[in-house]
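Some notes on the structure that comes next.
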Amino acid sequence: MIRCVSLIVRKMSPEKIRAFPIDRQVFLVREVAAKLGNLHGEPATSFWRAKASELLDLVVGSGRDRTAAGDEVRRFFLAVQREMSAGVVAEPMPILSA
């Protein structure tokens, strides 16, 4: 088994390896959404700018060009917004009785 795996690994070249898109990393999306959900105003803006810059550097470092990396970070932000919206909708609403 180890021999088979090592043959597969040797045949893979860096050009053929693609990182998993950040907007599909559910744990990361939920983590950032939770953090943003607790921040407001300038602290939220500062947090997002720092996170976006960090993610852009990460994606560029994985071999994507800067334009494609920027698109991926934008898709990540949309995923975070969807997660935040889903969290608002999913929260239980109190039942009022008359």
Sequence neighbours excluded, which residues qualify as side chain to side chain contact (heavy atoms under 4.5 Å, CB included) partners of T45? E42, R49
Looking at residues at least two apart in the chain, or sitting in another chain, which of them share a side chain to side chain contact (heavy atoms under 4.5 Å, CB included) with A34? none
Which heavy atom of A44 sits nearest to which heavy atom of L36, and what is that distance? O-CD2, 3.6 Å
Please give me the minimum heavy-atom distance between L56 and G70, naming the atom from each residue. CD1-N, 3.6 Å
For the hydrophobic clusters of this structure (ILVMFWY residues joined by side-chain heavy atoms under 4.5 Å, transitively), does one cluster hold both L78 and L58? no
Checking R24 now: which residues fulfil side-chain hydrogen bond (donor to acceptor under 3.5 Å, both in side chains) with it, not counting sequence neighbours? none
Who passes side chain to side chain contact (heavy atoms under 4.5 Å, CB included) against E54, sequence neighbours left out? K51
Summary of ring-ring contact (aromatic ring centres under 6.0 Å, His included) pairs that have at least one residue in residues 46-86, sequence neighbours excluded: W48-F77
Output every pair passing salt bridge (Lys or Arg N to Asp or Glu O under 4.0 Å) with a member in residues 27-39, not counting sequence neighbours, ordered by first then second residue. R30-E83
Excluding sequence neighbours, so at least two apart, what forms side chain to side chain contact (heavy atoms under 4.5 Å, CB included) with D65? T67, A68
Using side-chain hydrogen bond (donor to acceptor under 3.5 Å, both in side chains) as the criterion, list what pairs up with D57, not counting sequence neighbours. none
What are the two closest non-hydrogen atoms of E72 and P21, and how far apart are they? OE2-CA, 3.2 Å
List the atom of V29, the atom of D23, and the distance in Å for their closest heavy-atom pair. CG2-O, 3.8 Å
Salt bridge (Lys or Arg N to Asp or Glu O under 4.0 Å) partners for R74, two or more places apart: D71
